[in-house]
Visitor: 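Structure in structure tokens, see below.
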Amino acid sequence: MLIPPEFYSAHDVVDIARLLLGKLLVTEIDGHRSSGIITETEAYAGVTDKASHAWGGRRTKRTEVMYMQGGTAYVYLCYGIHHLFNVVTHEEGTPHAVLIRAIEPVDGLDIMLQRRKMSKLTPALTAGPGALSQALGINTAMTGLSLFGNSVYIEERPVIPDTNIVAATRIGVNYAGDDALLPYRFYIKGNKYVSKGKGL
DNA sequence: CAGCAGATTGACT
DNA sequence: GTCAATCTGCTGC
């Protein structure tokens, strides 16, 4: 069962980031279904968040998608190589988004291994924003797609209890000054499919 | 219009 | 542990 549109249009992006843990992220491409449980997320709180692309109200062709209605996929190309998958939240006109940083593989293991050019399952398959996007076949062509009735969507799953969730600072955003210290990163405690980041 | 840094990963010393 | 790959968009000349 799909997560309803109201879930994404809620106003507290940090709350949504936490609730997305444990949900099932699915892609269906050329008839192939691949999916994984979301194990790690980060919130990006629009114009007031220096780490966000939309900080200060910046608006470009690329970030335009962030201003769309909650429940839209925002795929951003980072370092010219890696596709980072985000879920747009809040209502139209407010550029909030949740970055999906890691998933635990569920369906389509073979096709994921093939896409990643790997032969056996390791946490590196889907632990990391660029890695999970590649494994699921997500690319910049998916940006702007709604998560309803398209090739990418999220299925409902039981909420992870707070005792199994860890809040931490975000990764790779030290340039954002004070905002880099915000506890906007969430992951499932003890799960192997959580990205390590560079330092931390 | 040229230069540079970034929500990262993987290969090499 | 260190460094290159490769494209978007911001900053500065």
Side-chain angles (χ1 to χ4, degrees), chain A residues 8 13-14 16-18 20-21 25 36 38-68 70 72-90 94-105 112-144 152 154 166-188 192-200:
Chain A
Y8 302 109
V13 65
V14 177
I16 294 174
R18 185 161 45 81
L20 277 175
L21 290 176
L25 176 63
I38 297 171
T39 56
E40 184 178 0
T41 63
E42 281 182 10
Y44 284 84
V47 298
T48 62
D49 185 354
K50 293 195 187 70
S52 168
H53 290 154
W55 172 69
R58 288 203 301 260
R59 195 161 183 152
T60 67
K61 199 175 180 183
R62 221 62 183 183
T63 62
E64 188 69 20
V65 178
M66 292 186 77
Y67 291 82
M68 293 174 73
T72 302
Y74 170 45
V75 183
Y76 166 67
L77 188 62
C78 189
Y79 295 95
I81 304 174
H82 306 289
H83 303 279
L84 276 59
F85 177 75
N86 303 248
V87 177
V88 176
T89 69
H90 211 289
T94 306
H96 287 193
V98 175
L99 168 68
I100 308 299
R101 290 193 56 84
I103 63 173
E104 177 178 339
M112 285 196 270
L113 287 170
Q114 200 177 331
R115 289 190 185 116
R116 295 273 289 138
K117 295 181 172 37
M118 296 173 75
S119 54
K120 108 180 193 224
L121 177 62
T122 70
L125 180 68
T126 54
L132 79 87
S133 297
Q134 189 181 14
L136 290 177
I138 290 171
N139 58 64
T140 53
M142 317 260 265
T143 203
V152 56
I154 301 177
V166 180
T169 54
R170 289 174 293 185
I171 291 178
V173 293
N174 292 337
Y175 63 89
D178 292 343
D179 286 337
L181 301 176
L182 294 170
Y184 278 7
R185 171 175 170 245
F186 300 97
Y187 59 93
I188 298 177
K192 283 183 302 188
Y193 297 91
V194 170
S195 69
K196 299 287 185 290
K198 211 152 193 182
L200 209 89

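To find a chain, count down the sequence lines: A is the first, B the second, and so on, and within it residues start at 1. This one's a predicted model, so the numbers in the text were calculated from it and none came from an experiment.
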Visitor: According to side chain to side chain donor-acceptor pair (under 3.5 Å), does anything in residues 75-86 of chain A pair up with another residue at least two apart or in another chain? List the pairs.
Guide: none
Visitor: Keeping A/R116 on the side-chain end and A/L125 on the backbone end, is there a donor-acceptor pair under 3.5 Å?
Guide: yes
Visitor: Check this one for me: any side-chain N or O of A/R116 less than 4.0 Å away from OP1 or OP2 of B/dT9?
Guide: no
Visitor: Which whole-number value in Å describes the distance from A/R115 CZ to B/dT9 P?
Guide: 17 Å
Visitor: Can you sort out the partners of A/M142 under side-chain contact (heavy atoms from CB on, under 4.5 Å), two or more places apart, ordered by chain and number?
Guide: A/T27, A/I29, A/V75, A/I138, A/N139, A/L145, A/S151, A/V152
Visitor: Please answer whether the main-chain N or O of A/T39 pairs with a side-chain N or O of A/E104 as donor and acceptor at a distance below 3.5 Å.
Guide: no
Visitor: Treating a pair as Watson-Crick (purine N1 to pyrimidine N3 plus N6-O4 or O6-N4) or G-U wobble (N1-O2 and O6-N3) with both distances under 3.5 Å, list the stems of 3 or more consecutive pairs that involve DNA chain B.
Guide: B:1-6 with C:7-12, B:8-12 with C:1-5
Visitor: Report the residues that fulfil salt bridge (Lys or Arg N to Asp or Glu O under 4.0 Å) with A/R59, sequence neighbours left out, ordered by chain and then residue number.
Guide: A/E64
Visitor: Give A/A131 one of three labels, base, sugar-phosphate or nothing, depending on what nucleic acid heavy atoms sit under 4.0 Å from its own.
Guide: sugar-phosphate
Visitor: Search all heavy atoms of A/P123 against all heavy atoms of A/Y193 and return the closest pair with its distance.
Guide: CA-CE2, 3.5 Å
Visitor: What does the list of N/O pairs under 3.5 Å between the protein and nucleotides 2-4 of chain B look like, with a distance for each?
Guide:
none

Visitor: Going by side-chain hydrogen bond (donor to acceptor under 3.5 Å, both in side chains), name the residues that satisfy it together with A/Y187, two or more places apart in sequence or in a different chain.
Guide: none
Visitor: For DNA chain B, find the residues of residues 83-90 of chain A with a heavy-atom distance under 4.0 Å and give them by number; none if there aren't any.
Guide: A/L84, A/N86
Visitor: Which atom names give the shortest non-hydrogen contact between A/I154 and A/V87, and what distance separates them?
Guide: CD1-CG2, 3.9 Å
Visitor: Not counting sequence neighbours, which residues clear salt bridge (Lys or Arg N to Asp or Glu O under 4.0 Å) with A/R18? List them please.
Guide: A/D15, A/D162
Visitor: Would the distance check show the side chain of A/T41 and the main-chain N or O of A/A17 forming a donor-acceptor pair, the cut-off being under 3.5 Å?
Guide: yes
Visitor: Rounded to whole Å, please give me the gap between CH2 in A/W55 and C1' in C/dT11.
Guide: 13 Å
Visitor: Could you identify which residues of residues 42-51 of chain A place a heavy atom less than 4.0 Å from some atom of DNA chain B, listed by residue number, or say none?
Guide: A/Y44, A/A51
Visitor: On DNA chain B, nearest-nucleotide positions of A/G172 versus A/A124: which is more 5'?
Guide: A/G172
Visitor: Hey, is the main chain of A/F186 close enough, under 3.5 Å, to the side chain of A/R101 for a donor-acceptor pair?
Guide: no
Visitor: Polar atoms only, N or O, under 3.5 Å: list the protein pairs with nucleotides 6-8 of chain C and their distances.
Guide:
unit_1 : atom_1 : unit_2 : atom_2 : d
C/dT6  : O2     : A/Y79  : O      : 2.0

Visitor: Using a distance-only test with no angle check, is there a side-chain donor-acceptor pair under 3.5 angstrom linking A/Q134 and A/R115?
Guide: no
Visitor: Rounded to whole angstroms, how far apart are CD1 on A/I171 and P on B/dT8?
Guide: 7 Å
Visitor: Run the side-chain contact (heavy atoms from CB on, under 4.5 Å) test against A/T72 and tell me which residues pass, sequence neighbours left out.
Guide: A/V65, A/M68, A/V88
Visitor: Tell me the interatomic distance from A/R59, atom CZ, to C/dC10, atom P, rounded to whole angstroms.
Guide: 14 Å
Visitor: State whether the side chain of A/R185 and the backbone N or O of A/E40 hold a donor-acceptor pair below 3.5 Å, judged by distance alone.
Guide: no
Visitor: Just how far, in rounded Å, is P of B/dT8 from CD1 of A/I100?
Guide: 14 Å
Visitor: Among all residues two or more places apart in sequence or in another chain, which pass the side-chain hydrogen bond (donor to acceptor under 3.5 Å, both in side chains) test with A/T122?
Guide: none
Visitor: So does A/Y8 have more than 12 non-hydrogen atoms from other groups sitting under 6.0 Å from OH?
Guide: yes
